[in-house]
Chemist: 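Sharing a structure here in structure tokens format.
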Amino acid sequence: MKLKTLILLMAVLLLASCGVDDPKITSFQKAEILSVDVPDTMTVGQTYNIPIDFNRPTDCHSFDEFNISKNPGEVFVSVVSIFEDSFDCETTNVPIGQVELLYTVEEESDFMFRFFQKTENNQNIYIDKSVVVESE
């Protein structure tokens, strides 16, 4: 009888010690690119650090990854942010997000970087930066 009571007491204590983590909602969003610093000229085969400032609406937003797609003569870049809402996000004094895109020029042809800024009236707005490509 004492053994059953001891086992039951241990089971209750074990279950009571397992707490539930704070609930969080996680989602991924395109972040608004605020500014970007792209060189006017790049060289084939070289890798460049391109600093990008993006909007962080709350302190629950942070950088996740770049989404890059290419068309002939164009390179589309967007910043994807992760939003982890623990229901206590702050919107005041949130610093601008800063990241660096490492980009290697692979072809000897001029192109346009198109950095996603925002969607307005169901149309994407971009920051466009022309790049002249030189051979090595």
Side-chain angles (χ1 to χ4, degrees):
M1 182 72 171
K2 288 183 183 181
L3 184 59
K4 286 184 180 180
T5 305
L6 182 60
I7 291 174
L8 181 61
L9 180 60
M10 289 177 64
V12 168
L13 287 175
L14 181 63
L15 290 173
S17 68
C18 296
V20 176
D21 291 339
D22 292 335
K24 286 187 181 181
I25 296 174
T26 301
S27 63
F28 298 90
Q29 307 167 345
K30 275 187 181 179
E32 177 183 356
I33 293 178
L34 303 171
S35 67
V36 60
D37 186 15
V38 177
D40 296 329
T41 304
M42 295 182 169
T43 304
V44 174
Q46 297 292 314
T47 300
Y48 295 86
N49 293 332
I50 300 172
I52 298 173
D53 291 340
F54 68 96
N55 185 28
R56 289 183 59 219
T58 71
D59 61 351
C60 293
H61 288 81
S62 60
F63 174 77
D64 185 58
E65 66 181 347
F66 291 107
N67 186 0
I68 300 172
S69 62
K70 296 180 182 181
N71 285 339
E74 297 178 311
V75 177
F76 292 89
V77 178
S78 61
V79 170
V80 178
S81 65
I82 186 169
F83 175 64
E84 294 183 305
D85 189 355
S86 57
F87 306 103
D88 62 350
C89 300
E90 294 290 328
T91 58
T92 58
N93 300 320
V94 177
I96 292 172
Q98 297 177 329
V99 291
E100 284 193 353
L101 170 66
L102 294 177
Y103 187 79
T104 302
V105 180
E106 298 172 349
E107 297 179 20
E108 190 178 331
S109 65
D110 300 347
F111 65 95
M112 175 80 67
F113 267 121
R114 305 205 66 204
F115 295 92
F116 175 81
Q117 191 171 38
K118 60 185 172 182
T119 300
E120 195 171 272
N121 297 325
N122 292 326
Q123 294 199 358
N124 290 337
I125 308 295
Y126 296 94
I127 298 173
D128 293 334
K129 300 287 184 172
S130 295
V131 177
V132 175
V133 177
E134 300 176 338
S135 61
E136 292 185 82

Chemist: Grouping I, L, V, M, F, W and Y whenever their side-chain heavy atoms are under 4.5 Å apart, do L34 and V38 come out in a common cluster?
Modeler: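 Shared cluster, no.
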Chemist: Look up atom CZ in R114 and atom CD1 in I125, then write down how far apart they are to the nearest 0.5 Å.
Modeler: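 Interatomic distance, R114 CZ to I125 CD1, rounded to 0.5 Å: 9.5 Å.
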Chemist: Going through the distances and angles, do T119 and N124 end up as a side chain to side chain donor-acceptor pair (under 3.5 Å)?
Modeler: CA-CA 4 Å; T119 300; N124 290 337; 3.0 Å; yes
Chemist: Find out whether Q98 and P51 are in side-chain contact, i.e. whether some heavy atom of one side chain is under 4.5 Å from a heavy atom of the other.
Modeler: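 When only atoms from C-beta onward are counted, P51 and Q98 do not touch, as no gap falls below 4.5 Å.
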Chemist: Linking I/L/V/M/F/W/Y whenever their side-chain heavy atoms sit closer than 4.5 Å, directly or via other members, would F83 and F66 fall into one cluster?
Modeler: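 Cluster IDs for F83 and F66 differ.
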Chemist: Please name the residue in the list V77, V79, V80 that meets the side chain to side chain contact (heavy atoms under 4.5 Å, CB included) test with N67.
Modeler: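 The option that passes is V80.
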Chemist: Could you tell me which non-hydrogen atom of V44 sits nearest to which non-hydrogen atom of E106, and how far apart they are?
Modeler: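 Heavy atoms of V44 and E106 come nearest at CG1-O, 4.2 Å.
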Chemist: Do M42 and I50 come close enough that some side-chain heavy atom pair is under 4.5 Å?
Modeler: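 In short, these two side chains touch, coming nearer than 4.5 Å.
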Chemist: What heavy-atom pair brings S78 and K30 nearest, and what distance separates the two atoms?
Modeler: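 Heavy atoms of S78 and K30 come nearest at OG-CE, 4.0 Å.
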Chemist: According to a 4.5 Å side-chain heavy-atom criterion applied to Ile, Leu, Val, Met, Phe, Trp and Tyr, with indirect links allowed, do F111 and I33 form part of one hydrophobic cluster?
Modeler: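 Shared cluster, yes.
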Chemist: So which atom in C89 and which in E84 form the shortest heavy-atom distance, rounded to 0.1 Å?
Modeler: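 That closest heavy-atom pairing would be SG-O, 4.2 Å.
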Chemist: Between F113, F115, F76, which is the residue that forms a ring pair (Phe, Tyr, Trp, His ring centres under 6.0 Å) with Y126?
Modeler: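 That would be F76; it is the only one of F113, F115, F76 passing the ring pair (Phe, Tyr, Trp, His ring centres under 6.0 Å) with Y126.
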Chemist: What do the steps show when you test K70 against E107 for salt bridge (charged side-chain N to carboxylate O under 4.0 Å, His left out), and what is the final call?
Modeler: CA-CA 12 Å; K70 296 180 182 181; E107 297 179 20; over 6 Å; no
Chemist: Working to the nearest 0.5 angstrom, can you tell me the gap between F54 CZ and H61 NE2?
Modeler: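 That separation rounds to 9.5 Å.
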Chemist: So which pairs with a foot in residues 36-52 pass side chain to side chain donor-acceptor pair (under 3.5 Å), sequence neighbours left out?
Modeler: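 Qualifying pairs, neighbours excluded: T47-T104.
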Chemist: According to a 4.5 Å side-chain heavy-atom criterion applied to Ile, Leu, Val, Met, Phe, Trp and Tyr, with indirect links allowed, do F116 and I52 form part of one hydrophobic cluster?
Modeler: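 No; I52 is not reachable from F116 via cluster members.
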Chemist: Determine whether a donor-acceptor pair (N or O, by modelled atom type, separation under 3.5 Å) exists between the side chain of D64 and the backbone of I82.
Modeler: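 Absent.
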Chemist: Measuring from Q117:CD to S35:OG, what's the distance to the nearest 0.5 Å?
Modeler: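 Answer for the CD-OG pair, Q117 versus S35, is 9.5 Å.
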Chemist: Hydrophobic clusters here meaning ILVMFWY residues chained together by side-chain heavy-atom distances under 4.5 Å, can you tell me if I68 and V133 are in one?
Modeler: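 In one cluster with I68: V133, yes.
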